[in-house]
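For reference, the structure is listed below as structure tokens.
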There are 4 protein chains.
Amino acid sequence: MTKRARRKAERPTEILDAAFEEFVKTGYSATRLQDVAKRAGVTKGTIYFYFETKERVFQEMMRHKSQELLPDLERIAAKSVGSHAQRLRALVTFFLGRIAEDRTGRETLRLLIAEGSRFPDMVDQYHDEFMQPVIDHFKRVITAGVTAGEFRAASATSFTEVAVSPAMLLSIWLMLFGSRRALDIKSFTEASMDLIMKGIEER
Amino acid sequence: MTKRARRKAERPTEILDAAFEEFVKTGYSATRLQDVAKRAGVTKGTIYFYFETKERVFQEMMRHKSQELLPDLERIAAKSVGSHAQRLRALVTFFLGRIAEDRTGRETLRLLIAEGSRFPDMVDQYHDEFMQPVIDHFKRVITAGVTAGEFRAASATSFTEVAVSPAMLLSIWLMLFGSRRALDIKSFTEASMDLIMKGIEER
Amino acid sequence: MTKRARRKAERPTEILDAAFEEFVKTGYSATRLQDVAKRAGVTKGTIYFYFETKERVFQEMMRHKSQELLPDLERIAAKSVGSHAQRLRALVTFFLGRIAEDRTGRETLRLLIAEGSRFPDMVDQYHDEFMQPVIDHFKRVITAGVTAGEFRAASATSFTEVAVSPAMLLSIWLMLFGSRRALDIKSFTEASMDLIMKGIEER
Amino acid sequence: MTKRARRKAERPTEILDAAFEEFVKTGYSATRLQDVAKRAGVTKGTIYFYFETKERVFQEMMRHKSQELLPDLERIAAKSVGSHAQRLRALVTFFLGRIAEDRTGRETLRLLIAEGSRFPDMVDQYHDEFMQPVIDHFKRVITAGVTAGEFRAASATSFTEVAVSPAMLLSIWLMLFGSRRALDIKSFTEASMDLIMKGIEER
DNA sequence: GATGAATGAGGCTTCATTCAT
DNA sequence: AATGAATGAAGCCTCATTCAT
């Protein structure tokens, strides 16, 4: 494959990466495709060669950026061992840690929240392909723990959305306040773990 | 007071209310002041008689809409009675219930998330005047409960941000998925209460 | 006459004076009647009570401000004595001196030049009621001097517009460059006088 | 050079020429870029492709139009021969003749006078790059004539601004009154020449 | 007489999109 | 494939003018 051909094959991705940065910086409406082009090192025309409209660029970018967390989560879940409590701890640790590190995931969520009403399908997709699977991961481990007698059979274990709550707070806090009103991530993670484990364990 | 004077006094609020609806519908950039005007029953020019720029309309609107929850929270906290556990329950119940009912609060948060990078001062203000006070309310009750021996002295009770997590998940879920992917609010509230109370109570 | 009545009678003049300053500062189109009102210590509505439109304010202001130089010139001419050379010297001295001092006259000319194409009648009026009379004043003295044998009978004395030239240069220079590129008015006046007198005197 | 490239190279000039006509017709503030575009045979957007703002269009246009007289003046001065009196005559003849013919130069001056307070740098530039050089041209010839004993050593020859006066009167007269109050240019030139030459010649 | 809230036409400017090269 | 000149719809904002009080 020639260097030129390689570049050609990478163009769309380069454009979507550039689009991500620009959309994050100024939001959908206020972002100029001109700036996306400049950041990607191409010209406006080139963007229109690969994507029909600005909307399309946004949608493809979101699709492109949304598919990174889930595989890792599955990998973690697959190879997790030990008691159910240990497995749940591993899940929580990984998940919160990932959110703390993963700026892309947070910004994707931000864009989803910001532009959701303009792109309802995208929101549905985010729910079905990310949110619900994440909740289900938790549900699987927790339900197994209940069956095994490690966790209480109660509303806290049957409605696992609540176990994901700390992750959501962390996401929003980091995207909103970032460094301006810093959050002690380590303490927050410990507190979350403490609350969740003590909250569901059988006595 | 004459009819004219009465109108003048009410105009700014009418405009800000209309602005809220429009900004919520399409976001800051994509909202036309023209439409805000129409919704408020005035013309473009009138908006500029009361507010300098579109940015100013947005900021004033956010300020106007942000100051509704806190007083109620304080009222609840003030007149709460019983054990610390009972008081915490009352707080959680009120808070989640309020989020479920209060579309305005959720949409305000949505706008803050969406346009935060454009209005950093607004974000700081939101943290200082809303987020932190809410956390502090929880901290006060929980800390008192720890002192009284009702709650465990542990990370879950020292880092009270985590107790607010369910509220954040509920907010985001409702603003994002709304009716499209309904959440059983009653069950979620029960699960949250269950997790929090069991998670922090002394055994 | 009551104080109120007196104020009332002065209002139009106050407005025109304010209008002069504002129009001078920003030109006809860019001047806001709002600012004129504020400077005059009234509100927009009041201006419209006295004048039909912005155009009218401008026209009346120009009429108001244009009628100050001529009477003085006539007074000087009337009471001038001595040889024709002495009388011409007096005229030149007064005229250049007056231009140097009279910011109003210069700014009026500036506005006329700037907005002339919008107000052709105003230009005609300026010519007929100011420019031509000034030239005629010079012509009267110079022609008398020629008849008396003091001045040469030549084109320089028959086409007296040329004797007014230095005044025009001074006007434009002061209005354009003002203090930024200062002109030595005393030297300029001397040079003008020298040129004119030596240029037309009989030998 | 392709057709497209040729257009691109010519566009800015075409736009500035169109801008000149429109600004002359209605002044800076009242001129619509829309009309400039139409006259240039393009659309609004195209103007903004080449120039940042309306102000910029005006400034570039003034720069573009201001640089036409001086080179000719220098050419005339360079190849002038004969006595100093003859050389001065040539200069005056050329200068007044040029002003009479050169509508562009007069309109440029008109715009400068009209909009000078909005564009002070432009005024300074006009002084430094046009006014002063012209005066210096006259000064050079006259001073040489004084040294050679042809002209008197007096204020009229040391302060050469005065020798430029007739040109200024002619400019203003033509731009203000134009055809409405016609001036006999030939007679005016003769009278100017007569006054200047007799006014400075040694006897 | 005077006020100033309200109007709405109109101008500057931006930017998604097109298309000839 | 890629460019970038050109378009023109659309939005923010201004301000002359009106008119109820």
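Letters A, B, ... are given to chains in the order of the sequence lines, protein chains preceding strands, and every chain is numbered from 1. What you see is a predicted model; the values in this text were computed from it and never measured. Atoms considered below: every heavy atom in the structure, side chains included; atoms not considered: hydrogens, waters and symmetry mates.
Look at CD on B:E52: it is 14 Å from C1' on F:dT14, rounded to the nearest Å. Residue C:F51 contributes atom CZ, which lies 15 Å from atom P of F:dA16 at whole-angstrom precision. Distance D:L33 CG to E:dG10 C1': 14 Å, rounded to the nearest Å. Whole-Å rounding puts the D:Y48 OH to F:dA10 P distance at 18 Å. Rounded to whole angstrom, the span from the CD atom of B:E14 across to the C1' atom of E:dA6 amounts to 13 Å. At whole-Å resolution of the value, CZ in D:R11 and P in F:dA5 are 11 Å apart. Rounded to an integer number of Å, the gap from D:K38 NZ to E:dG11 P is 11 Å. Counting to the nearest Å, the C1' atom of F:dA1 and the CD1 atom of A:I15 are 11 Å from each other.
Distances were taken from every side-chain heavy atom of B:V42 (C-beta onward) to each of E:dT7, F:dT7, F:dA16; the shortest belongs to E:dT7. Considering only side-chain atoms of A:T53, the nucleotide from F:dC12, F:dA6, E:dT17 that sits closest is E:dT17.
The environment of CD in A:E55 is crowded: more than 12 heavy-atom neighbours from other residues, nucleotides or ligands sit within 6.0 Å.
Between C:G45 and A:K54, the residue whose closest nucleotide on DNA chain E is further toward the 5' end is C:G45. Of the two residues near DNA chain E, C:F49 and B:T43, the one whose nearest nucleotide lies more 5' is C:F49. Looking at which nucleotide of DNA chain F each of B:R32 and D:I47 is closest to, the 5′-most match is held by D:I47.
Taking 4.0 Å as the cut-off between side-chain N and carboxylate O, A:R63 and A:E60 do not count as a salt-bridged pair.
Between A:T46 and the phosphate of F:dT3, there is a side-chain N or O to OP1/OP2 separation shorter than 4.0 Å. Taking side-chain N and O atoms only, C:K44 has no distance below 4.0 Å to OP1 or OP2 of E:dG4.
Using modelled atom types and a 3.5 Å distance limit, the side chains of A:R118 and A:S29 yield a donor-acceptor pair. Using a 3.5 Å distance cut-off with no hydrogens or angles, the side chains of D:T26 and D:T31 do pair a donor with an acceptor.
C:Y28 and C:F119 have perpendicular rings, their planes meeting at more than 60° on a 0 to 90° scale where under 30° would count as parallel.
Using a 4.0 Å heavy-atom distance criterion, B:Y50 is classed as a sugar-phosphate-only contact. If you check every strand for non-hydrogen atoms under 4.0 Å, C:T31 touches sugar and phosphate atoms only.
Applying the Watson-Crick and G-U wobble criteria (two distances, each under 3.5 Å), E:dT18 pairs with F:dA5.
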